[in-house]
Structure formats: C-alpha cells, structure tokens
Amino acid sequence: MTDLREQTRFEPAEVEPRIIDAWLQSGLFSPEPEGDPSENFSIAIPPPNVTGALHMGHALNGSIQDVLIRYHRARGKRTKWILGTDHAGIATQKQVEKRLAEEGTSRDAIGREAFEARVWEWREQYGGTIVDQFQRLGASCDYDDERFTLDAAYHEAVLKVFVDLYEKGLIYRDHYMVNWDPGSGSAISDLEVEDREVVDTLYSVAYPLASGEGEIVVATVRPETMLADTAIAVHPDDERYAHLVGQTAILPLVGRELPIVADDYVKPEFGTGALKITPGHDPNDFEIGRRHGLPEISAIGEDGRMTAEAGERFAGLTVKQAQEAVVAALQAEGRVRATEDYPHTVPFSHRSGERIEPLISLQWFMRMDELAKPAIDAVEDGRVTIHPERWARVYVDWMEAIRPWCVSRQLWWGHRLPVWYRDEETYVGARAPEGEGWTQDPDVLDTWFSSALWPFATLGWPHDTPALRAFYPTNVLSTARDILFLWVARMIMMGLEFAGDVPFDDVYIHSVIQAPDGRRMSKSLGTGIDPLEEIEEHGADGVRFGLLAMSSSQDVRYSREKVAQGEQLANKLWNASRLILTRIDPDATTRFAGGAPAARPQAIEDRWILSRLAAARAEVEQRVEAYDFSHAALALYDFVYGELCDWYLELVKPRLYEAEGEAREALDATLLHVLTETLMLAHPVIPFVTEEIWSFVPGAEGLLAARQAGSLAATGTRDAEAERALGAAIETVTALRGWRDGVRAPAGARIPARIEAAGYEHTAEHVARLARFELLANGAAAGAPVASISIPGGTVEIHHSDAVDLGAAERKLAERRATLEAEVARCEAKLANDGFVAKAPPPVVAAEREKLAQLREELSGL
RNA sequence: GGGCGGUUAGCUCAGCUGGUAGAGCGCGUGCCUUACAAGCACGAGGUCGCUGGUUCGAGACCAGCACCGCCCACCA
C-alpha cells in the first residue's frame, strides 16, 4: 500500500509495459475457435501495410475496435480481434527497391527470385513494427494468430478465388484502355487514380481536308498523341460540319487519312467543336473508337516513350520531348492556329504521384456487375448495416455503376497470377499445368484483390475450419471512408460469393482526424502528429480517450485538449481509487474475496451513487452500441468527475475517515463495489489505469480485462428518491457556494443559516458541510435573516455573521431581484399571448405557469 | 457537372422527435480543504453564417444565398 499512498500521479510510462505483458501472457486475447458467431464477437482488423507505422488513423480505429472488443468480452462473449498485415504490393516493393538502389543495385539486376527473397527478408526485419505499435495502444488483438496476406494458406485462398472466377467467366484477359502508372510501371485500377488540377496548354491545330479544300481545326492539350489519331469527330447536329461528315482529313506530320465521324459525345460549344480521336491514348476516344470501329494505334509505350508507330522522327522520345517536337514541327508547317493556358483536372497515380498515361494494354480484368447485385441487396435489406447511414447511399450508388476491375499489376511483389501460356494456349489453375513449355504470367494481382478475402481467408477458408465456423461472419468492420469502395465493397462481394455470407454485420465509418489547423495530416505536409509520441506524453489511456472523445460522424480536427482531458480522467480515477483503497479497513478487506462485494448502502448518498452508476452504465452501453464513442467517453468522464469525485467521495469522507464496526464494513463494501463497477465501466476506454488500479483492489483476482460485468439488474437500478434528494442537495450546495462567493465570504468561514425547505432530512448535514454553513438548530432564534436563498423546495435563510459583507450581500440580492423580475416579465408576456395558451401543448403551458408561480414566490421572499 | 458534410462561447466541438443554449481547453477571482495544486470552488464570455418562410414559439423544420471541406464524374 505504500506505493499507493505516495504515488499521487498516475504514471503511464511505468505502468503500460507491465500491463501489456500481463495481458499478452494471460492468453486472454487468443480465444479457442469454439462456438458460433451468435455467442462470439469478432472483428477483422483492417490490415495495416507491412511497411506501415502507426498513424493517427490507426490509433483512432484501434481505439474504436478495442472498445468494442473489450466491451463485448466483458459481456461474456468469446472475442477475437483478427490481426494481420497486408503485403501492400507497390508500397513494399518500393521500399525494397529503394534499399537496393542505396546498395547500388536494382531489382532487374538481381532478378525476380532474389528480389522476392529480399522482400521477405525485409518483412522479417521490419514487418512487425506496426503490430508492436498496436500493442502500445493497448489493442487486444489476437497476437498469437497473426496473418499476412501472402502467407501460404492465404495464397491458396487467393488462387482458388481467381481460378473460380475465371471458370465462371468473370475474370478475363483483354486489350483495353487502362490507367498506366509510369511511376510504378504498372497498370492501376480506376480507384487508385486521383484527379489533380494542372494548367496545360491548349493547342488549336489545323488538319487539312483530303479534298484539298479547306481545313478542320481541332483543340488538344496533348499534341503528341495526334500521332495516334485515327479520326476526327463532330457533333451530329453541328451544322458547321455537317457537310464534312463522311469526308476525310489529312493528319499533319503523319499523312494518314482520318475519317470525319459524327458522335454525340462531342460538345459543339467547346473549342472549335471538332475533336481529334485518339483511341489508343484517351479513354473517351477509346470508347468513340470502338463505337465507330476505328483502328487503335499505340504511339506511347509502357516505358513512357514514343513507339515506332509514332513515326521515325519521334520514336524513342519521352512523352515530354515528343510533345515539344510535335509542337515545333506543327509550327514549322504553320498548323498551329492558337495556344492558350488551360487549367483542368487530369488523373494522377495515387501511389506514385505520377501523371497517368492512358493506354491500351493487355491486362486481366474482373467483371463486377454480377457480384455487385447481391452485395447491393445485402446493404439494402440490412444484412449489412452501414453507420452512419448516409454512407449506405454512397455505397449503393457506386455499386450500381460499377465497372470492370483491372486486377493485374506489373509488379514482382504479390500474388502471382495462376496463369500459364504456351504459344496460343492459356491455362488457368492453382498449379502449373502438365507438360513442357509453359511460362507463368509474370504479373501479380492487385493487392486489394487479396484484401477482399480478408475476413474469411484469415480464418482458414477455403477449408471448413473451426475458426471459420466460430467467427464468420465477423460482427463489425471499422474503417475510414476512403476505402469504402476499394476494400469494404469488395469484401462484401467476395464474402457473399465465396464464404456464403456477408463478411460482417455492421460497417462503422469513423472520422478522419485532421491536423489541428484543419489541413490533412500528412507526412509530406509536415502536418502529421505521431500517436506514439502522444502516448509517451499523455499515456495510452489519454490518447485513446481523446481520440474517441473527438471522433464524430464527420471529420474532426485533432484535439490535444481532448487527449489532455483523457489523461486527467486517468489521473482522477487513480487518485479517487487511492482515496478509497488507502482508507478502507485493511483487516476487513480479506473478506472481499473476488474483489467485488455487493453494495451495502446505508446513507442516502450510497443509494444515490448506485443509482447514478446504473444511469452512467446504461448511457455508456447505449452509446457504444450505437457506435457513438464520443458520447460514451464523455458520459464516462462526466460520471467519474461530476458524480463520483465531485460529490460522492466528498459526501462519504466523514464516514470514510471515521466509520467503525458494522458501519465500516458496509461502507467499505459499498465503496469497493462502486469502485469495481466504475473500473469495469471505464476499462474499455482507458484499460491501463483501470487494470493497474484493479491490481490494488483487495481480493481482486486475475485481470480486470478478463472480468465479466454483472448484469445491469445486478449492478443496481435507478433510485428516484435518492436522486431527488441528492439532486436537491447538490443544487443547494451550488447555490450557497455561489452566494458565498458573491458576498466575498472568506473560504474558511462558517456562516450561520437555517434550511427552510422540505426534503433535506437526510442531506442537511451534507449541505452544511460542503457549503460551509453552520446550521442553526430548530427554534434557535437568531434575529431576522440577512439573506434568503431560493433552493429546491424552499429557501435557506442566512443569518448575520462577521464573515458576510452586508453591502455585497445587498448588491447580490438586488442582482437576483432584477433577474427574477426580468424572468417574471418574460413569463407573463408568454402567458399573455393567446396563441401560446391556446395552441401550445397543455403540459408546456402548465410548466410555464408553474415556473411563473415559483419565480413570484421567490421574488416575494426577497 | 452531380452528391454529401459543415458554418453554435477566444479555440476544438456537443446540442434527440422545435419550448430562448452546453462541455473541455483558455480567461478572471478565491482557496496549499488529511485522493489529486497537471487540484478544488466560483465566475465572466454566444443577436447559434446570411435572407426569407412554416409555427403560439426555430440553433433545431422548409426554401434560397454565401463561404469551407470531402466524394463521384469522359468535356478535347
């Protein structure tokens, strides 16, 4: 106990590592795969990139998921928080390539096999970083059963899905327009492209007509792509060009004849109303080209250089060089009619940050429409519930317009396509085909392809494992909205298609935490705040509480104040516990086996705190279940600060210091009961300080994290009478303190007073002590009171004392009178309004009348 | 171009189905009261973005406007 007496401040840095060890060694986080989802509770963590380090988003999401896990664990569920990391194709490959570059070599130089070995090596060395960081947060993941999206078993699942989808005809290979990312040297999906504003030059270029009579002027920001033009398009209703449709123009520099076609896509009002068509390098032109059966020419290669098709003059040049050369050549021929700065948005790679080069490439695609249908139904019929609800609409809208997904990536790190070629043959299967001469497709799958299987591939699918039976479907998927399409939607589609059920019942979309100045938190902007540094400074409990308290249904700015608030809460609870634990009778404590004796309320305040505890518990439970973590955390704070510490502990202090015998035992039992229940209530949010306090609770056995909460009924129900009596006492104390302060009474002075009100039988002594008044005995005459203070149920009469500055008291009285008169006037005006009396609901009118009566009574009392 | 959020105290945010506003931090004043001075008590501080409308009554409902942010989208 000496520790407790001296440790006036909770020390997270000293406590947290010990607690983490105790939790990990308990095996509490690693449930046996038993039972079924109805009796279990599971969450699959959004697998962080192996290359990752804990950022604020992880910290928030980790806190949220851990609250859910600990909450349900305490309610008797077998809980599993499925942990693992994502192999993150591009990100990881880049990390290792960077290292190779530092060593003066490259992946091409060492070859594919050696490169893959290097990545695995890298992963061995650094891949555990983020997992360790989740432990620092206190996240109760199943660390003994960690997954990696490239594990052999996981790979099996990926191959099976690919092959099945191929056999169902949903996966196919095609020459199609893709987003080529020159930065990673790979195609990427539509979802990995982001639009950015740039200022390009818009060139107006004149193409002569083949007839030799006149020309047609087109506008373009990418003159170099003209080398691959195969047509010119105008709007069918555009009278200026109607006579030209069907004719041909001559492509400058190249000499190719371009048919002039009519297509609705063309906006007559834009530029000249004539559009050059480059099916090989523009997604729109590609569509138009296919509509009109135009040839597709690739003038830009996957290496970012002009191909032979661009013509001898330009082949081999980079795109930028080619643009300059083409413009120069056009100018030399006098073809450029105009140039202007043209701001517009163009696609960039989300991964590499480089400008996307749209080009036609031979890739593997996945048709999504068939899979989307049941996934839309699942959300619309409520098998999957998205919170907040508005995201369901966003999800459905996107799913209804879903397009094929380019799943092949020209990388080395990832799940290599289970596809083999021999001459004109293609073989798709989990194992290499029999026979000689087959070569495997060098591409790997989009990382999100494997992530889409996460909730069931981690549990052993495609095998029928106990883990799968116990924990699938998972209960909740918590994530930020940025991967709603990229990941969440695809998990629902894959889960329904392959695991036979939705992957989770609820999706919770949490806030994005912005920098305190409202900008995005990002490393490159220097706006990031490192959660680990915050944990070091404020403790994991403080950070968890702060993140939960600041979270919301919308984006929020990072609030250091909320973290500080959490830190204070942990400290407050620590000190309140010290008060209790150092004051209870040490001899009696041996009787508290199990650490949570039933409450034995004796005084009204005992009944009150039990009632308030029940209320707080109901509030927190309801908030957690509604994914309203902010209000859950703040309700907890309000209970601990505003009720337990500010009032209850102050109210019991006299007994705490003095009670003996039977009264002592009853009080100690009640205190330990309240403390234990409070620790249980707070534990999901601030697990470290509560676990640490628990270790000092006499009779406490095992870990708090392993303890199950009693039912609400057993914990107690509301006690209306106690709440009324104490509520009135609290109001009275507050009113009296305010009055004292107003008359500048010295803090230590005890002022004589008499309570002239009903309902204070059990609280009068408390009121007097907490407000520092001396209660006059009934009938003891003390002359006329110097002041009268309105309290619930009556008044308090203040009698003369040297401590009271009568002048100040008089001013205070005048102020109060003025306030009352104003309020009476307001009330009277309202009640004089016929409309109000006639149309407002009767209870509202009655309440107003009651209020007026009270105000008048108080006023007359003054 | 379409859609979704937001605009409330100096700062960051709460305010459910409409009955004249709350928290934390900050600020002011007073207290070393035997759990906590990184504490306690008390207090000051908002015409709830603007304009209309509905209503007896609007921060809350409706319409329009103005900013700020995000998502989706094929205008060269």
Side-chain angles (χ1 to χ4, degrees), chain A residues 4-5 7-10 195 200 202-204 218-222 225 233 265-267 269-278 282-288 342 344-345 347 358 388 390-391 393-394 397-398 401 481-482 484-485 512 514 516 518-520 538 546 549-550 552-562 564-568 571-583 630-631 634 637-638 641-642 645-646 649-650 653 656-657 733-734 737-742 744-748 770-772 826 830 833-841 843-845 847-848:
Chain A
L4 267 190
R5 287 188 192 284
Q7 196 77 48
T8 63
R9 188 91 203 147
F10 177 63
D195 284 339
D200 280 329
L202 184 65
Y203 297 89
S204 295
V218 298
T220 179
V221 292
R222 301 207 50 197
T225 64
Y265 170 79
V266 182
K267 303 269 188 288
E269 66 279 9
F270 188 94
T272 59
L275 175 62
K276 76 184 201 55
I277 302 299
T278 320
D282 182 281
N284 302 314
D285 295 4
F286 179 78
E287 297 292 336
I288 295 167
Y342 184 67
H344 64 149
T345 57
R390 65 174 186 273
W391 295 107
R393 192 71 248 161
V394 176
D397 286 349
W398 183 76
R481 59 163 188 276
D482 56 343
L484 181 62
F485 307 145
V512 171
Q514 301 168 330
R519 288 188 293 170
R520 229 185 158 67
H538 302 283
M550 75 183 83
S552 150
S553 59
Q554 63 187 64
D555 290 353
V556 290
R557 299 181 181 200
Y558 186 74
S559 164
R560 293 177 194 279
E561 291 76 20
K562 284 285 190 297
Q565 195 180 346
E567 185 183 10
Q568 313 254 57
N571 189 243
K572 194 75 176 173
L573 195 52
W574 172 252
N575 277 296
S577 305
R578 285 176 60 228
L579 173 65
I580 295 169
L581 296 173
T582 58
R583 290 287 175 173
S630 174
H631 286 106
L634 293 172
Y637 179 92
D638 287 344
Y641 256 79
C645 294
D646 288 352
L649 292 180
E650 295 302 329
K653 268 181 181 173
L656 190 56
Y657 296 150
V733 170
T734 305
R737 282 171 175 169
W739 185 83
R740 282 186 72 114
D741 215 64
R744 313 197 74 80
L770 294 180
R772 301 199 174 203
R826 223 171 285 145
K830 200 165 183 181
N833 180 342
D834 291 339
F836 175 72
V837 178
K839 296 188 178 174
V844 172
V845 178
E848 199 64 26

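Scope of the values below: all heavy atoms of this structure, side chains included, with no hydrogens, waters or symmetry mates. Throughout, protein chains are lettered first and strands after them, A, B, ... in sequence-line order, and every chain is numbered starting at 1.
- Residue-to-nucleotide proximity on RNA chain B shows that, of Ser577(A) and Gly273(A), the 5′-proximal contact is made by Ser577(A).
- Spacing between atom NE2 of His344(A) and atom P of A76(B) amounts to 6 Å, rounded to whole angstrom units.
- Only the P atoms considered, G2(B) is 27 Å distant from U8(B), to the nearest whole Å.
- Within the 4.0 angstrom heavy-atom criterion, no nucleotide atom of any strand lies near Asp638(A).
- Contact annotation for Arg560(A): no contact, since no heavy-atom pair falls under 4.0 Å across all strands.
- Comparing C62(B) with C70(B), their C1' atoms sit 25 Å apart, to the nearest whole Å.
- For the P atoms, the distance linking G10(B) with G3(B) amounts to 35 Å, nearest Å.
- Between the side chain of Arg222(A) and the backbone N or O of Asp282(A) there is no donor-acceptor pair closer than 3.5 Å.
- The existence of a salt bridge linking Asp741(A) and Arg737(A) is excluded, since no basic side-chain nitrogen approaches an acidic carboxylate oxygen closer than 4.0 Å.
- For Asn575(A), taking side-chain heavy atoms from C-beta onward, the closest of the listed nucleotides C36(B), U29(B), A73(B) is C36(B).
- Of the candidates A35(B), C75(B), A76(B), C75(B) carries the atom nearest the Lys267(A) side chain, counting heavy atoms from C-beta on.
- Across all strands, Tyr641(A) comes closer than 4.0 Å only to sugar-phosphate atoms, never to a base (heavy-atom distances).
- Residue Tyr342(A) is classed as a sugar-phosphate contact, given heavy-atom separations below 4.0 Å to backbone atoms only.
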In 5'-to-3' order, the base (B), backbone-only (S) or no-contact (-) status of each nucleotide in nucleotides 3-14 of chain B, using a 4.0 angstrom heavy-atom cut-off, is -SSS-----SSS
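- When heavy atoms are screened at a 4.0 angstrom cut-off, Lys653(A) is found touching base atoms of the nucleic acid.
- At the heavy-atom level, Pro746(A) lies nowhere under 4.0 Å from the strands shown.
- Atom-to-atom, CG of Leu202(A) to P of A76(B) comes out at 9 Å; the value is rounded to the nearest Å.
- Both cation-pi conditions hold for Lys267(A) and Tyr265(A): the charged atom is under 6.0 angstrom from the six-membered ring centre and inside a 45 degree cone around its axis.
- Pair assignment for G57(B) gives none, since no Watson-Crick or G-U wobble pairing has each distance under 3.5 Å.
- Using a 4.0 Å heavy-atom cutoff across all strands shown, Arg9(A) reaches at least one base atom of the nucleic acid.
- The aromatic rings of Phe485(A) and Trp398(A) sit parallel to each other, their planes meeting at less than 30°, with 60° as the upper class boundary.
- No side-chain N or O of Tyr641(A) forms a donor-acceptor pair with one of Asp646(A) less than 3.5 Å apart.
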Start with the C-alpha distance between Val733(A) and Glu650(A), add both sets of side-chain angles, then the distance that settles side chain to side chain contact (heavy atoms under 4.5 Å, CB included), and finish with yes or no. CA-CA 12 Å; Val733(A) 170; Glu650(A) 295 302 329; over 6 Å; no
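- The same atom, P, is picked in G43(B) and in A23(B); the two are 11 Å apart, to the nearest Å.
- Under the Watson-Crick and G-U wobble criteria, each requiring two contacts below 3.5 Å, nucleotide G28(B) is paired to C42(B).
- Look at the P atom in both C25(B) and A35(B): the space between them is 22 Å, to the nearest Å.
- To the nearest whole angstrom, the two P atoms, one in A9(B) and one in G15(B), are 15 Å apart.
- Glu650(A) comes within 4.0 angstrom of a nucleotide base, judged by non-hydrogen atoms across all strands.
- Residue order along RNA chain B, read from the 5' end via each residue's closest nucleotide, puts Gln565(A) first among Gln565(A) and Arg578(A).
- Of the nucleotides present, C62(B) is the one that pairs with G52(B) by Watson-Crick or G-U wobble criteria, both distances under 3.5 Å.
- Considering only the side chain of Gln568(A), A38(B) comes nearest among A38(B), C74(B), U34(B).
- Contacts of Val221(A) with the nucleic acid, taken as non-hydrogen atoms under 4.0 Å apart, involve only primed sugar atoms and P, OP1 or OP2.
- A distance of about 39 Å separates the P atoms of G30(B) and C16(B), rounded to the whole Å.
- At the heavy-atom level, Glu287(A) lies nowhere under 4.0 Å from the strands shown.
- One interatomic measurement links the two molecules: CZ of Phe270(A) to C1' of C74(B), which rounds to 13 Å at whole-angstrom precision.
- If you check U47(B) for Watson-Crick or wobble pairing at under 3.5 angstrom, you find it has no partner at all.
- Taking atom C1' in both G22(B) and G59(B), the straight-line distance is 12 Å, to the nearest Å.
- Nucleic acid contact for Val837(A): none, since no nucleic acid atom lies under 4.0 Å from a heavy atom of the residue.
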